[in-house]
There are 2 protein chains.
Amino acid sequence: MSRITVLLVDDHLVVRSGLRALLGTQPDMEVVAEASSGGEALELVRVHSPAVVVMDLAMGPGMDGIEAIRRIRDLDSRQAILVFTTYDSDADIVRAVDSGAMGYLLKDAAPEEIFAAIRGAVQGRSVMSPPVASRLFQQLRNPDEVLTPREAELLSLLTEGLSNRELGRRLFISEATVKTHLAHIYAKLGVDTRAAAIATAIRREGMR
Amino acid sequence: MSRITVLLVDDHLVVRSGLRALLGTQPDMEVVAEASSGGEALELVRVHSPAVVVMDLAMGPGMDGIEAIRRIRDLDSRQAILVFTTYDSDADIVRAVDSGAMGYLLKDAAPEEIFAAIRGAVQGRSVMSPPVASRLFQQLRNPDEVLTPREAELLSLLTEGLSNRELGRRLFISEATVKTHLAHIYAKLGVDTRAAAIATAIRREGMR
DNA sequence: CGGTCCCTCAGCCTTTTGGCTGATACGGCT
DNA sequence: AGCCGTATCAGCCAAAAGGCTGAGGGACCG
């Protein structure tokens, strides 16, 4: 039986080495290449056509993970893409999933979890770390807590530290409207000050 | 000649595996133990007395890296402690250094850089990644912009979204004092609202 | 011992923010 | 046609935050 070919994508050499070492213990898996950036990943997918691509989302300057996923998908190849990252931000999860990722693992996952995810991925099954799954679940149960596009836009600017007046100017709306949006955002995030909203947004929504 | 004994401390198994694999290629180094938390690290230092402790600063709940460094120092042992982390935040660098760290490496460092740092550390030399060095340099040139310990502490809580009243309660100081500290922090960060301070802190100081 | 930081606190005043209520308008869905 | 979600705006009021000045005590250092 032929082994599962894997491409590792992460900008940190230690992480790649670690994954390579871990996967090396599994007789049915083989790391065929490593990339340290999105562009490199794209190239190596073309060259090696790996069965699975395991990749980090945050990768220094240049193409980010989400973009890389989309581009790999566009190659029409049948690679299963697994996200392997440190943070479980709502925004990242959603974007990764609808960019075509097959699974979402956190870096503190147990080895068995990683192996299972890779094997599952080639069989077309989705696997994700429990914290990730529960976040998705959370969103499905409480659609009321999902920000509207306009609110997300405002929140994003909010994390830059702008005042209501500045927010209004940037979005071409009155300060009154800004306040209305903010009130809705606060309610959805479960906070009651802009400071807490920023903190929550950056930590939970991954807006950095 | 006896090999340099190393203790790895990182909450991510992949990172530990990666480091172990990398250090395994060096004949003069030997990983004698791995810890996934600060507490565990402390215990293993006692047991193995490694020559070098390579450790991450961010380690889930419980004791953080800085605290762990201090505790290891307090054991009076002569371990050389190397910080090996993802972010080069000003605050972390300063705190790590004056907690007794011998060097400060970023996770995207080249293997040779890591090896050199470990060898240097046992010989009492400090080694740090170029970005880290330049930050320290920057701080030496503009000492006016360096936050005092108390200010850093306050800023850290600020990024959790607390109000002045809450900050005061947490730090056992009056709201007036909180406002004084905030004013100083704003001046040093070059902002004039708490929202902007939080944004700057998280992006520039790496406080998340 | 004087100078310099750092941390602490107070009062006063202005600006900003947040909570509330209510209103208009547009698009889509039923 | 009605309903609902979204986006827009207004006014009012209370609370929070920010700017300013001044000030005392403790630690460290030359």
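In the text below, chain A, chain B and the rest are named by the order of the sequence lines, each starting its count at 1. Worth knowing before you read on, the calculation uses all heavy atoms, side chains too, and leaves out hydrogens, waters and symmetry mates.
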Q.
Working note: Leu7(B) + Gln79(B), criterion side-chain contact (heavy atoms from CB on, under 4.5 Å); need CA distance, chi angles, decisive distance, verdict.
A. CA-CA 10 Å; Leu7(B) 166 64; Gln79(B) 275 77 35; over 6 Å; no

Rounded to 10°, the helix from dC1(C)-dG30(D) to dT30(C)-dA1(D) deviates from straight, judged by its five-pair end axes, by 40°

Got a salt bridge between Arg170(B) and Glu166(B), using NZ or NE/NH1/NH2 to carboxylate O under 4.0 Å? no

Per-nucleotide protein contact along nucleotides 22-30 of chain D, 5' to 3', at a 4.0 Å heavy-atom cut-off (B base, S sugar-phosphate only, - neither), is ---------

By side-chain contact (heavy atoms from CB on, under 4.5 Å), Pro130(B) pairs with (sequence neighbours left out) Glu113(B)

Here the pair of heavy atoms bringing Phe84(B) nearest to Ile114(B) is CE1-CD1, 3.9 Å

Arg125(B) meets the salt bridge (charged side-chain N to carboxylate O under 4.0 Å, His left out) criterion, sequence neighbours left out, with none

Give every pair of a protein N or O atom and an N or O atom of nucleotides 16-19 of chain C that lie under 3.5 Å apart, one pair per line with the distance.
{"residue": "dT16(C)", "atom": "OP2", "partner": "Arg165(A)", "partner atom": "NH2", "Å": "3.0"}
{"residue": "dT17(C)", "atom": "OP2", "partner": "Asn164(A)", "partner atom": "N", "Å": "3.2"}
{"residue": "dG18(C)", "atom": "OP1", "partner": "Tyr186(A)", "partner atom": "OH", "Å": "3.1"}
{"residue": "dG18(C)", "atom": "OP1", "partner": "Arg194(A)", "partner atom": "N", "Å": "2.5"}
{"residue": "dG18(C)", "atom": "OP2", "partner": "Tyr186(A)", "partner atom": "OH", "Å": "2.8"}
{"residue": "dG18(C)", "atom": "OP2", "partner": "Arg194(A)", "partner atom": "NE", "Å": "3.4"}
{"residue": "dG18(C)", "atom": "OP2", "partner": "Arg194(A)", "partner atom": "NH2", "Å": "3.4"}
{"residue": "dG18(C)", "atom": "O3'", "partner": "Asp192(A)", "partner atom": "O", "Å": "3.4"}
{"residue": "dG18(C)", "atom": "N7", "partner": "Lys179(A)", "partner atom": "NZ", "Å": "3.0"}
{"residue": "dG18(C)", "atom": "O6", "partner": "Lys179(A)", "partner atom": "NZ", "Å": "2.8"}

Q. Would Ser174(A) and Thr177(A) satisfy side-chain hydrogen bond (donor to acceptor under 3.5 Å, both in side chains), going step by step from the backbone distance to the final call?
A. CA-CA 5 Å; Ser174(A) 79; Thr177(A) 305; 3.2 Å; yes

Contacts of Val32(B) meeting side-chain contact (heavy atoms from CB on, under 4.5 Å) (sequence neighbours excluded), chain-then-number -> Thr5(B), Glu30(B), His48(B), Pro50(B)

Rounded to whole Å, CG of Leu154(B) lies from C1' of dG18(D) at a distance of 15 Å

Atom CZ of Phe172(A) and atom C1' of dC9(D) are separated, to the nearest Å, by 18 Å

Under 3.5 Å, which N/O atoms of the protein pair with N/O atoms of nucleotides 4-7 of chain C?
{"residue": "dC7(C)", "atom": "OP1", "partner": "Arg150(B)", "partner atom": "N", "Å": "3.1"}
{"residue": "dC7(C)", "atom": "OP2", "partner": "Thr148(B)", "partner atom": "OG1", "Å": "2.5"}

Residues pairing under salt bridge (Lys or Arg N to Asp or Glu O under 4.0 Å) where one sits in residues 42-53 of chain B, two or more places apart or in two chains, turn out to be Glu43(B)-Arg46(B)

Scanning both residues in full, the closest heavy-atom pair of Ile118(A) with Leu23(A) reads CD1-CD2, 3.7 Å

The side-chain contact (heavy atoms from CB on, under 4.5 Å) partners of Glu175(A) (sequence neighbours excluded) come to Asn164(A), Arg165(A)

Applying side-chain contact (heavy atoms from CB on, under 4.5 Å) to Val122(A) and not counting sequence neighbours gives Ile4(A), Ala51(A), Val52(A)

By salt bridge (charged side-chain N to carboxylate O under 4.0 Å, His left out), Glu34(A) pairs with (sequence neighbours left out) Arg16(A), Arg20(A)

Going by atom type alone, with no hydrogens or angles, which donor-acceptor pairs under 3.5 Å involve a side-chain atom of residues 103-111 of chain B and a protein atom two or more places apart or on another chain?
{"residue": "Tyr104(B)", "atom": "OH", "partner": "Tyr87(B)", "partner atom": "O", "Å": "3.4"}
{"residue": "Lys107(B)", "atom": "NZ", "partner": "Asp10(B)", "partner atom": "OD2", "Å": "3.0"}
{"residue": "Lys107(B)", "atom": "NZ", "partner": "Asp56(B)", "partner atom": "OD2", "Å": "3.1"}

